[in-house]
Every structure is written in C-alpha cells, then in structure tokens.
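Residue numbers start from 1 in every chain, and the chains themselves are labelled A, B, ... in the order their sequence lines are given, proteins ahead of strands.
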Amino acid sequence: MDESEILPDVPKVLEFLKERNIPIALGSASKNAQPILEKVGTKKLFDEIEIPLVEVLAAMEKEGINLNVAFLKSLSTDLASESNALEQKIYKIAGETFNLASPKQLGDILFDKLKIGGAKPKKTKTGQYATGEEVLSYLAKDHEIVSSILEWRQLVKLQNTYVDALPNQVDAKTGRVHTDYMQTVAATGRLSSNNPNLQNIPIRTERGKQIRKAFIARDENHTLLAADYSQIELRIIAALSGEDNMIKAFKDGEDIHRSTASKVFNVPLEEVTKEQRSNAKTVNFGIIYGVSAFGLSNQTDLSRSESAELIEAYYKTYPKLRAYMSEQVDFARDNGYVQTVLGRRRYLKDINSANAMVRGGAERNAVNAPIQGSAADIIKIAMINIHKRLIAENWQSKILLQVHDELVFDVHNSELEKIQPMIKFEMENAFKLEVPLTVDLGLGKDWLEAH
DNA sequence: TCTCTGCTCAC
DNA sequence: CAAGTGAGCAGAGAC
C-alpha cells in the first residue's frame, strides 16, 4: 500500500506546527474549552504523551482489523427477516401501517390513536411524544406492541449501524477495516473513533454480541488478544481520594461491587444478594458521574428515599470519597479547571455560574473529568510503551484497537505465550497508584471469544 | 444538501 | 432540576 495516500507525514506536520508556534489543543471539543498548549504544566503531557502517541495511533489505523464479511451478510439476512416479521405484527396491532422508524409517527400512533400509558405521556423538548427506551420499557410490560417495538428497534439498530455498514467500510486495498482515532475531540483526554467507530461495537445483548464474532484475527497464524483494565476508574477515584476502605478492598482483590454492598448494607460478604450487589454497582458507577437520588431511583428498583439513604450509607462507608469530590469542585471554583494525574486540564467556565443547573453540570464535570481523563492518560502510557517494545524487540504482533480501558492485539501464534505477560505488565505498571491496576487477558479467533 | 432531533450503541 | 464521555443512524424540515 502506498502510505503517502492515506497518511500524512506526521513528524513533518508536527515540526511545521512547532516551528510556527501553532498550538494543538488537547481535549478541546467543547465550545468552552480553551487551547491549553500555552498553559504551564501541559507541555510535558504534550511532548511525552500526545506526540509519541501519534505514531502508535498511525500504526494502529494503518494496520486495521480483519472483518468476516460473509458472516455479517448472513447475519443481515436473519435480522432483516426477523425485523420484517415484527414490523408486520406491529402494524396489525396498530391497525395501520406507518413509518415505524419515525419517532414522531410512532408517538402519534401509541399515544393519540391507541391511548397507551395514561393521560400525560412524556414529551420531548420540541413537544412531540417521547418514545425513547426508558419510556417504552415502562409500557412494555402491559402492551405487546411496545415490547415488539423495542425488539424491532434493537434489530434495526444493529443491522443499520453495524451489520450492513461495516462491510462497506472494508478498505479495497487492504481488505481490512481502518478506523480513525481522534486525539483532540473528547474534553477529558479520551480518544474517539470514527469512520467507522470501533469503540461502540455491541456487547451488551445476545444479538449484539454476535457482531463481535465478525472481528477476526489476521489469518490462521494469528489470534486476537483482548486486554482490559479491571475497574480502572473506581481504582483511580479510590487512589486519588485516599479512601482507605476502598483501597483496602482493591488491595485484597475483592469484588468491589460485592464489597461495597457488604459495607453499605451491613451484611457479611457471603450474604450479599444479587440485588444488593447490583444496587451497589449502580452507585459505584453513579458516583463517578455525580448521580443524584433521583437519578439513582430511576436506574434501580429503589424509591427516591431509599436511593437517598443508599447514597448516604455509601458516603459513610467511603467518607474520603465525599471529601475528595468536594475538593475537586473547590479547586475548579478557585482555578477554573481540574486536572488529571498527568496534569491534563479541563477548563470549566460554568463552575461559578449563577444558574444552578448549569453550575451543577460543571460540578459533575469537575469530579468526572479527572477520573475519566486519568484513565485515558494511563492507557495512553501503556500504548506508547507497548508499541515501543513491539518495535524494539521485533515482535510480529500488532496493537489493533483501543476502547478506553481495553487494547486489542493481533498476536502471531508463535508469540502467544511470551507476549501475554509483557502486555499485562506494561498495562498494569503504566502508572503507579496507591491501588494496584489489574488487567484481564482473553484470547480467541474473534473479538467475542477473546473477551 | 445540510442541519437538527430523537434515539441507541460503547466505555 | 435530576448520570460522565463519545459516534452514527433515519426522519424531518430548511434551503
């Protein structure tokens, strides 16, 4: 392949920018972001992380990943016949045909014609009926048409966004799929991926998972390796807050959600129920995002007062977490930004806004950005170090994909035994925290099997 | 053809 | 009022 057709000469471009003092904004997607290269404290991040990462990303993009197109074609046929059957069933119940893919038309059918769901159906900000997953799931229990619509939506989403779209993105010259990684889009320092986005390939549902089977190793001499950080964001918040109870749980290798449930519900580890663990898991993630009692009750079976109690019990269990979060907000108020472990900044112009809702948003950003951004910092270090070793030590294996807390490799079968400890070591030791970082490895002919 | 909206996929 | 970060699809309407 002629590289010059698809890749700019990266070192030359960077030299050009540097010579002319043209700043490259890091993580500045939002309108309120400021170019931060000139700000003190970020030059090291730029020189030692973002610039070295450019070559790693270029290599990954150029390498691409092998796609089983024939498999997707047959998946497409199955999805089409199932969604068509559902569509006919829905029209029959509705008593007429309409464009099922139009939320506007669907809302009119469900709430004007069929009068489903009581007197005051939820509306969107433009005044049309809301038909999102949350609304329909609530109604699905009592109305077969609604559960069929949800199932139809899922099948059509999978077909349109992945199964039918991906084969069209196979490069004619390489026969592989080459995503673009964007280094300066996400406000927190994460990468983003497009054309195609390989960071949102389905995994949650049984049907969605099938799509991962289409991402396969280069050939019979290769195996896919997926390496993902276990609970990296919770480990980071534990370490940055110095919250001893959470740090200890991680040091002891406990299941963090079970451990949290045991503490907040005050039951022995072995007696934690499924529901308790699930609710503790929801709070653990919610804390990182700045969830309210209202939000938690929406996400669980708990009432609002039960949710408020759970959050209170959570902060009693992990007192330093609350202190840390409020310190982050104070820091942002005083300095106008927050930062990650590597000094990556996110500016928060709304942190002192008079509008409580706007200010609340900025306060959640003040807590979340250092967590999400530090995780991004750490995996970037690992990527740079692994790539360096793959080259210097003449490995045949390649990094293919990054999905925020996961790296995917095409491993030459002759290297299978030796490369696993190398990758695990580099990822787990990319950055030293008070909490150990642990990485799970999986192998397979395809991405699903490797997980 | 372009932009916005509503929706849904991932971490 | 009410959970962070993204990308991409089809529909709908402006031009």
So salt bridge (Lys or Arg N to Asp or Glu O under 4.0 Å) across residues 294-316 of chain A, not counting sequence neighbours, yields Glu312(A)-Arg322(A)
Under a 4.0 Å heavy-atom cutoff, the residues of residues 287-325 of chain A touching DNA chain C are Tyr289(A), Gly290(A), Val291(A), Ser292(A), Phe294(A), Gly295(A), Gln299(A), Arg304(A)
Side-chain N or O of Arg364(A) closer than 4.0 Å to phosphate OP1/OP2 of dT5(C)
no
request  = Considering just the side-chain nitrogens and oxygens of Arg190(A), establish if one lies under 4.0 Å of OP1 or OP2 belonging to dT5(C).
outcome  = no
Which residues within [range] lie with some heavy atom under 4.0 Å of an atom in DNA chain B?
| range | result |
| --- | --- |
| residues 129-138 of chain A | Ala130(A), Thr131(A), Gly132(A), Glu133(A) |
| residues 66-88 of chain A | none |
| residues 433-451 of chain A | none |

Please answer whether the main-chain N or O of Ala80(A) pairs with a side-chain N or O of Asn84(A) as donor and acceptor at a distance below 3.5 Å. yes
Closest non-hydrogen contact found for Ala217(A) with Asn66(A) is O-ND2, 3.1 Å
Would you mind reporting whether [Y] and [X] have side-chain heavy atoms less than 4.5 Å apart?
| X | Y | value |
| --- | --- | --- |
| Asn279(A) | Val264(A) | no |
| Pro436(A) | Arg235(A) | yes |
| Lys157(A) | Arg153(A) | no |

With sugar-phosphate taken as primed atoms, P, OP1 and OP2 and all else as base, the protein-contact string of nucleotides 8-15 of chain C at under 4.0 Å (heavy atoms; B, S, -) is BSSSS---
Open item on the list: Take a 6.0 Å sphere around NZ of Lys445(A) and say whether it holds more than 12 heavy atoms from other residues, nucleotides or ligands.
Closed with: yes
*asked:* Are more than 12 heavy atoms, taken from residues, nucleotides or ligands other than Gln128(A), located less than 6.0 Å from that residue's CD atom?
replied: yes
Going by atom types only, do [X] and [Y] share a side-chain donor-acceptor pair under 3.5 Å?
| X | Y | result |
| --- | --- | --- |
| Thr77(A) | Lys73(A) | no |
| Glu428(A) | Thr438(A) | no |
| Lys432(A) | Asn429(A) | yes |
| Ser193(A) | Gln199(A) | no |

> Looking across every strand, which nucleic acid part, if any, lies under 4.0 Å from Leu191(A) by heavy atom: base, sugar-phosphate, or nothing?
Replying inline: nothing
Please determine whether any donor N or O and acceptor N or O are separated by less than 3.5 Å between the side chain of Gln199(A) and the base of dG6(C).
no
Asn355(A) CG to dA2(C) P, in whole Å, measures 10 Å
Here the distance between atom C1' of dA2(C) and atom CE of Met357(A), to the nearest Å, is 10 Å
Apply ring pair (Phe, Tyr, Trp, His ring centres under 6.0 Å) to [X] and list each qualifying residue two or more places apart in sequence or on a separate chain.
| X | result |
| --- | --- |
| Tyr91(A) | Phe98(A) |
| Tyr318(A) | Tyr314(A) |
| Tyr337(A) | Phe331(A), Tyr347(A) |
| Tyr162(A) | none |

Assess the residue pair Asp440(A) and Ser230(A) against the criterion (side chain to side chain donor-acceptor pair (under 3.5 Å)); give the C-alpha distance rounded to whole Å, side-chain angles, the decisive distance to 0.1 Å, and a yes or no. CA-CA 7 Å; Asp440(A) 298 320; Ser230(A) 165; 4.5 Å; no
Exercise. Quantified in whole Å, what is the P atom distance between nucleotide dG6(B) and nucleotide dA2(C)?
Worked result: 15 Å
Validation: residues 102-112 of chain A side-chain donor-acceptor distances under 3.5 Å, sequence neighbours left out:
unit_1, atom_1, unit_2, atom_2, d
Ser102(A), OG, Lys104(A), N, 3.4
Ser102(A), OG, Gln105(A), N, 3.1
Gln105(A), OE1, Asn99(A), N, 2.9
Asp112(A), OD1, Tyr129(A), OH, 2.6

Contact span of DNA chain B against chain A, any nucleotide atom under 4.0 Å from a heavy atom, 5' to 3', runs dT5(B) to dC11(B)
